[in-house]
Amino acid sequence: MRASTVRAAVVVSLTTCAASGAGCGGSTVPEREQAAPADRAAAVSESQALDSSAPAPSPVAEALAPNSFEPLSDDQLARAHAAVETHLNAGRAAIEAIDLATGIGQLQAAAAISPTDATILRALGWAHFDAHQLAEAEHVLDRALHHARDPDTRAAVLYELGRVAEARADVPVASERYTDSLAIRPDESVAARLVALTGGTEVISHTACGWTRHGPAPAQLCPAYLRTREPGRAASACAYETTRAVAGPRARESGAATVDDLELDGGVEISVFSYLEPGLGGAREIFVLNAVLDGVWYSGELTWVDHPGASYADEALAKLQLRTEQLAPGGLPELVIEWSVQGRAIDPGAEVELSWSVDRLGVLMLQSGSPRWLIGLNRASTASIATIGGEAADLSSTGLEIEWLPKTGEVELRAATNQSSAPARRYALGAAPQLCPAELDGSS
């Protein structure tokens, strides 16, 4: 029989390890991601001062718990806006004067107050690059890409991430970033850099789509996974089989992120867990997809959400569901993964409130050998912006209608806004324009 059987249904907490009080993967901020103590203390103190009603966070649990959204008062917003402008201008002036340490500290302070502002994050990331702090540059620019809403900003950040990879002599990743940037916005200087790097030969690695082959699967996947990320670390808690957080006054009950822990015919097992990776300006919650095929354990990143550490900004996985379906003739059924990311943030620098939602879908082939992505799509996305105290205006809204053709192993994609339109395109599974769900992060 090919039908799957559900072994256990669990709820993945969006507040993760704080529920048990135990440490989580990366529960100590890596040294390379720490700000200068004085700059970091000033930024945190100023950010806390914007919310005089906020309780002081505990050293670990409260700091790692995602935020519940708390709007700023008019007075708090005015002070936040002024502080962002002061830090941003001071940071730019210091960098222009080639005082990178001061500039980075000032930009970090601005980012602590306005943690989802892609423009500030981009400036901070590039300052780290100028200071030859490549790990920090990549971390911050990755967040900038995640929060960038307009195509020009995304193209610029992709180029800058390419520069970081090139500085590391990582030609495949650099060429991939440059190519992705050019696909959004043609630019002669970016094209020239790509040609100089590759000699005009297309080199696309899709590094985000890679699977890690760990070997025989242990009984406890999550602690074992975290040890592979940082060898020598003691077993840590993940958000696996956790239903709610009890971390402190701001902790909230998990959203409806239901996951089926699947055991399939053919010795195939699938599970999903998440863990927090703290860094400058909050924490990143990373969702890891695990597949056990023929007794061998593979893992790959599915998606991540940003918890910026400010009470007026947060992002969450609102839905995560797995199922099997026979989408192609013959062989085992394919694994279909559906998830939804939602976010809301006040940007004190621009004095606007943003909200966004993206529904995504991925299809994974689970035959013998390593797993292989067949498709990854944004099924629907919306984004809106409102001036504080004003009415919301839609920034964008897109959608796709998907029809599976299991007899031929194909999929038809149509624009959801025009039900009577001809198919946008028909693709064979494995030949669609987007194959890897992890590459969708930051796109809308």
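A donor-acceptor contact closer than 3.5 angstrom links the side chains of His307 and Glu285. For the 3.5 Å distance criterion, the side chains of His128 and Glu136 fail to qualify, holding no donor opposite an acceptor. One side chain, Ser384 or Ser355, offers a donor N or O that lies under 3.5 Å from an acceptor on the other. Between Thr398 and Ser381, the side chains place a donor N or O and an acceptor N or O closer than 3.5 Å (distance only, hydrogens not considered). Counting only N and O atoms by type, the side chains of Asp306 and His147 include a donor and acceptor under 3.5 Å apart. Looking only at atom types and distance, the side chain of Ser299 has no donor-acceptor partner in the side chain of Asn290 under 3.5 Å away. Side-chain contact check for Glu412 and Trp404: no donor-acceptor pair (N or O, by modelled atom type) lies under 3.5 Å.
In this structure, Phe69 has its ring center no closer than 6.0 Å to that of Tyr312. For Tyr275 and Tyr225, the ring centers sit closer than 6.0 Å to each other. Separation of the Trp211 and Trp297 ring centroids does not fall under the 6.0 Å cut-off.
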Would you sort out whether Val292 and Ile270 count as a side chain to side chain contact (heavy atoms under 4.5 Å, CB included), showing the intermediate values? CA-CA 7 Å; Val292 177; Ile270 299 294; over 6 Å; no
Full working for side chain to side chain donor-acceptor pair (under 3.5 Å) between His87 and Gln108: CA-CA 8 Å; His87 290 305; Gln108 286 174 337; over 6 Å; no
Kindly determine whether Asn378 and Asp359 satisfy side chain to side chain contact (heavy atoms under 4.5 Å, CB included), including the steps that lead there. CA-CA 6 Å; Asn378 283 335; Asp359 295 329; over 6 Å; no
Show your reasoning for whether side chain to side chain contact (heavy atoms under 4.5 Å, CB included) applies to Arg193 and Tyr159. CA-CA 10 Å; Arg193 193 138 201 133; Tyr159 165 74; 4.1 Å; yes
Between Tyr178 and Leu161, is a side chain to side chain contact (heavy atoms under 4.5 Å, CB included) present by the stated rule, with each step listed? CA-CA 8 Å; Tyr178 293 150; Leu161 282 165; over 6 Å; no
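Looking only at distances, a side-chain donor or acceptor of Gln76 sits under 3.5 Å from a matching main-chain atom of Ser73. Looking at Arg143, its side chain never comes within 3.5 Å of a backbone N or O of Thr116 through a donor-acceptor pair.
Here the side chains of Val164 and Asp170 are not in contact, with every heavy-atom distance at 4.5 Å or above. Contact annotation: the side chain of Leu134 never approaches that of Glu138 to less than 4.5 Å [non-hydrogen atoms, C-beta and beyond]. By the 4.5 Å heavy-atom criterion applied to side chains, Val336 and Arg323 are counted as neighbours. Side chains of Leu302 and Val288 form no contact here, defined as non-hydrogen atoms less than 4.5 Å apart. Side-chain contact check for Thr228 versus Thr212: every heavy-atom pair is 4.5 Å or farther apart. Counting only heavy atoms from C-beta outward, the side chains of Leu317 and Thr303 approach each other to under 4.5 Å. The shortest side-chain heavy-atom distance between Met365 and Leu335 does not fall under the 4.5 Å cut-off. You'll find the side chain of Leu377 reaches within 4.5 Å of the side chain of Leu413, heavy atoms only.
Taking every heavy atom of both residues into account, Gly349 and Ser114 meet most closely at N-OG, 3.9 Å. Nearest heavy-atom pair, Leu121 versus Val140, reported as atom, atom and distance to 0.1 Å: O-CG1, 3.1 Å. In plain terms, the two heavy atoms of Ser181 and Ala155 that are nearest each other are OG-O, 2.7 Å. Ala174 approaches Leu197 most closely through the heavy-atom pair CB-CD2, 3.6 Å. Across all their heavy atoms, Pro348 and Ala80 have their closest contact at CB-CB, 3.5 Å. Here the closest non-hydrogen pair linking Ala316 and Val305 is C-CG1, 4.0 Å.
Atom CD1 of residue Ile98 and atom CG of residue Leu100 lie 8.0 Å apart, to the nearest 0.5 angstrom. Between Asp74 atom CG and Glu351 atom CD the span is 9.5 Å, to the nearest 0.5 Å. Separating the CH2 atom in Trp126 from the CG atom in Leu107 is a distance of 14.0 Å, to the nearest 0.5 Å. For the atom pair CH2 of Trp356 and CZ of Arg344, the computed distance is 10.5 Å after rounding to the nearest 0.5 Å. Interatomic distance, Lys319 NZ to Gln321 CD, rounded to the nearest 0.5 Å: 5.0 Å. Atoms CG and CD1, from Leu124 and Ile95 in turn, are 8.0 Å apart once rounded to the nearest 0.5 Å.
Using a cutoff of 4.0 Å between basic side-chain nitrogens and carboxylate oxygens, Arg379 and Glu338 are scored as salt-bridged. A salt bridge is defined here as a Lys NZ or Arg NE, NH1 or NH2 lying under 4.0 Å from an Asp or Glu carboxylate O, and Glu403 with Arg414 meets this definition.
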Side-chain donor-acceptor contacts of residues 185-192 below 3.5 Å, not counting sequence neighbours, with atom names and distances?
{"residue": "Asp187", "atom": "OD1", "partner": "Ser189", "partner atom": "N", "Å": "3.0"}
{"residue": "Asp187", "atom": "OD1", "partner": "Ser189", "partner atom": "OG", "Å": "2.4"}
{"residue": "Asp187", "atom": "OD1", "partner": "Val190", "partner atom": "N", "Å": "3.0"}

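Partners of His81 according to the side-chain hydrogen bond (donor to acceptor under 3.5 Å, both in side chains) rule, which considers only residues two or more places apart in sequence or in another chain, do not exist here. Scored by the salt bridge (charged side-chain N to carboxylate O under 4.0 Å, His left out) test, Asp142 finds Arg284 as partners (sequence neighbours excluded).
If you run salt bridge (charged side-chain N to carboxylate O under 4.0 Å, His left out) between Glu160 and each of Arg154, Arg177, Arg122, only Arg122 comes through.
Enclosure of atom CZ in Arg213 is not indicated, since only 12 or fewer non-hydrogen atoms of other residues, nucleotides or ligands lie within 6.0 angstrom.
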